[in-house]
Amino acid sequence: MNPTRRTILGASAAGLVAAALAACSSGAEGGGAGSGDPVTIGFVAVGPEGAWRQANEQNIQDTFTEDAGYTLKYAPATNLDQKSQIDAFTSFIDEGVDLILLSATEGSGWEESLGRAQEAEIPVILIDRGIEPDDTELYATRLAPDNVAVSTSVAEWAKSTFPDGAKYFVLEGPAGVSVVNERNEGWAQAMEGESAFTDLGSQTANWSTEEAKSVFETVLKSNGNDVQLVFAQNDEMGLGAAQAVQEAGLTPGEDVKIATIDGTQAALEALSEGTLSFVAEYNPLFGEQALEAVGTVLEGGEVEPYIQIESTTFDSPEAADEALPDRKY
Ligand code: AHR
């Protein structure tokens with residue numbers, strides 16, 4: 001993960017629309033030769049995956065509107081399949097869109113497509129997901145909260161919650177996804193040398209509540225229920241682990257503490273009830289920052305290779321209760 005070089009704070013809406021309209025009036029590349037036609041954006045998206053993804057992709061679509069001077073062409077993956085994304089990406093290049101937004105289902109395998117976009121002089125901006133290896137020459141910028149820092153915040157909470165250590169298990173997202181590797185990196189770095197903690201292992205549950213419940217049922221059985229901590233790399237998997245804990249006759253939040261990443265409404269409700277014990281937000285609502293970055297790129301301006309999206313953490317039922325009334329996802 002690139003060190004954070006700049007954080008775009010919440011820019012004013014007026015400034016954003018001005019930047020977008022300037023892009024249109026200047027006849028930004030591909031948006032018609034100075035005709036003021038809307039700027040066409042191809043959004044190679046993940047598609048249905050869970051509450052976080054729904055919030056993130058809806059926010060992008062709600063931001064890049066005709067009123068803002070854009071035509072957004074939304075292309076969700078077919079069953080999370082990378083080939084369907086590469087096909088959509090190629091179609092957008094052949095169509096000559098002005099810019100491509102990419103949320104990659106797989107971190108690797110993008111060099112050829114990104115190289116073709118470069119040859120066609122179509123800028124690419126990464127939304128949330130990175131590429132591996134991370135060649136910042138192949139894209140204009142990536143917008144995402146800092147996954148390493150987010151998972152580090154979970155580890156720091158765990159160390160403060162279990163001063164004498166604990167036996168823990170990690171429920172990972174799908175193999176090969178950039179944010180999973182980054183979250184593993186943050187957790188591993190923060191837990192290195194913590195000899196009072198016992199790593200019982202990790203396994204993917206593919207962001208799924210049902211799969212996480214099944215995986216963690218097996219973990220509890222094979223460890224005689226002697227597990228005190230779960231790091232679930234998204235909310236849905238944490239809620240699945242909680243179901244497994246309850247069905248084992250144990251109490252989540254007491255016998256087993258579960259920490260998750262995302263900060264969806266369902267997770268905060270579970271935190272409020274004590275079913276989850278810690279929720280690290282991975283803020284999906286950065287359409288405004290993406291609009292600003294797109295406007296700058298289309299005007300030929302400079303943006304940093306990584307734009308960090310601010311996120312927070314929730315460590316108690318009281319924190320959840322305070323946030324829930326205004327929760328936007
Ligand atoms: O890339 C972000 C991750 O993808 C979220 O943490 C998870 O819920 C989503 O499916």
Side-chain angles (χ1 to χ4, degrees), residues 4 7-10 50-56 58-59 128 144-166 168-173 179 182-183 186-187 189-191 194 197 207 209 212 216 227-246 250-289 308-329:
T4 305
T7 301
I8 288 187
L9 302 178
W52 189 95
R53 186 64 54 194
Q54 166 63 26
N56 176 259
Q58 191 59 56
N59 182 240
D128 164 37
D146 182 338
N147 283 279
V148 172
V150 169
S151 64
T152 298
S153 74
V154 179
E156 294 306 326
W157 165 83
K159 290 190 279 188
S160 66
T161 303
F162 296 95
D164 300 323
Y168 70 85
F169 192 82
V170 179
L171 291 166
E172 296 182 357
V179 302
E182 291 160 352
R183 292 174 188 180
W187 176 266
Q189 282 173 353
M191 296 302 280
E194 295 295 328
F197 283 82
W207 306 132
T209 296
F216 199 57
V227 186
Q228 290 80 44
L229 171 63
V230 175
F231 169 29
Q233 292 185 349
N234 87 327
D235 293 341
E236 281 88 349
M237 294 192 292
L239 294 171
Q243 291 174 11
V245 169
Q246 289 164 332
L250 303 172
T251 305
E254 292 178 22
D255 301 310
V256 183
K257 293 190 188 301
I258 302 165
T260 73
I261 291 176
D262 277 349
T264 58
Q265 184 157 341
L268 293 189
E269 287 166 353
L271 178 62
S272 175
E273 296 157 6
T275 305
L276 295 181
S277 299
F278 183 82
V279 177
E281 181 185 71
Y282 183 72
N283 183 2
L285 307 178
F286 49 86
E288 278 195 8
Q289 292 94 317
Q308 180 179 329
I309 303 303
E310 296 299 302
S311 278
T312 187
T313 60
F314 302 94
D315 62 1
S316 67
E318 293 74 19
D321 291 339
E322 185 178 346
L324 275 166
D326 302 323
R327 204 68 187 151
K328 295 186 174 65
Y329 71 99

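Counting all heavy atoms, side chain and backbone alike, M237 lies closest to A232 at C-CB, 3.9 Å. Taking every heavy atom of both residues into account, T260 and G238 meet most closely at CG2-CA, 3.6 Å. Smallest separation of non-hydrogen atoms from V154 and A280: CG2-CB, 3.9 Å. Closest non-hydrogen pair, L276 versus L271, comes out as O-CD1, 3.3 Å. Closest approach of A155 and A190 over heavy atoms only: CB-CB, 3.4 Å. Here the closest heavy-atom approach between residue P284 and residue Y329 is recorded as CD-CZ, 3.3 Å.
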Stepwise side-chain contact (heavy atoms from CB on, under 4.5 Å) test for K159 and M191: CA-CA 8 Å; K159 290 190 279 188; M191 296 302 280; 4.1 Å; yes

Evaluate the criterion side-chain contact (heavy atoms from CB on, under 4.5 Å) for residue pair Q233 and L171; output intermediate values, then yes/no. CA-CA 6 Å; Q233 292 185 349; L171 291 166; over 6 Å; no

**Asked** Is there a side-chain contact (heavy atoms from CB on, under 4.5 Å) between F314 and T312 once you walk through the steps?
**Response** CA-CA 7 Å; F314 302 94; T312 187; 3.7 Å; yes

(Q) Could you go through T161 and S277, starting from their C-alpha distance and side-chain angles, then the distance that decides it, and tell me whether this counts as side-chain contact (heavy atoms from CB on, under 4.5 Å)? (A) CA-CA 10 Å; T161 303; S277 299; over 6 Å; no

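Looking only at distances, no side-chain donor or acceptor of S272 sits under 3.5 Å from a matching main-chain atom of D321. No side-chain donor-acceptor contact under 3.5 Å links E182 to the backbone of S151. A donor-acceptor distance shorter than 3.5 angstrom exists from the side chain of D255 to the backbone of T251, with no hydrogens or angles considered.
Taking the six-membered ring where the residue is Trp, W52 and F286 present tilted rings, their angle falling between 30° and 60°. Ring geometry for W157 versus F278: interplanar angle under 30°, hence parallel rather than tilted (30 to 60°).
Here CD1 of I309 is found 11.5 Å from CG of D146. Values are rounded to the nearest 0.5 Å. Here NZ of K257 is found 12.0 Å from OG1 of T275. Values are rounded to the nearest 0.5 Å. Atom-to-atom distance recorded for I261:CD1 and W187:CH2 is 9.5 Å, nearest 0.5 angstrom. Note that CD of Q228 and OH of Y168 are 12.5 Å apart. Values are rounded to the nearest 0.5 Å. Rounded to the nearest 0.5 Å, atoms CD (E310) and CG (L285) are 14.0 Å apart. Atom-to-atom distance recorded for T264:OG1 and R53:CZ is 13.5 Å, nearest 0.5 angstrom.
One finds no salt bridge joining R327 and E269 here, because no Lys/Arg side-chain nitrogen approaches an Asp/Glu carboxylate oxygen to under 4.0 Å.
Contact check for R183 versus V170: no side-chain heavy atoms found under the 4.5 Å cut-off. Counting only heavy atoms from C-beta outward, the side chains of V148 and Q189 approach each other to under 4.5 Å.
With hydrogens and angles left out, the side-chain atoms of Y282 and N234 include no donor and acceptor closer than 3.5 Å.
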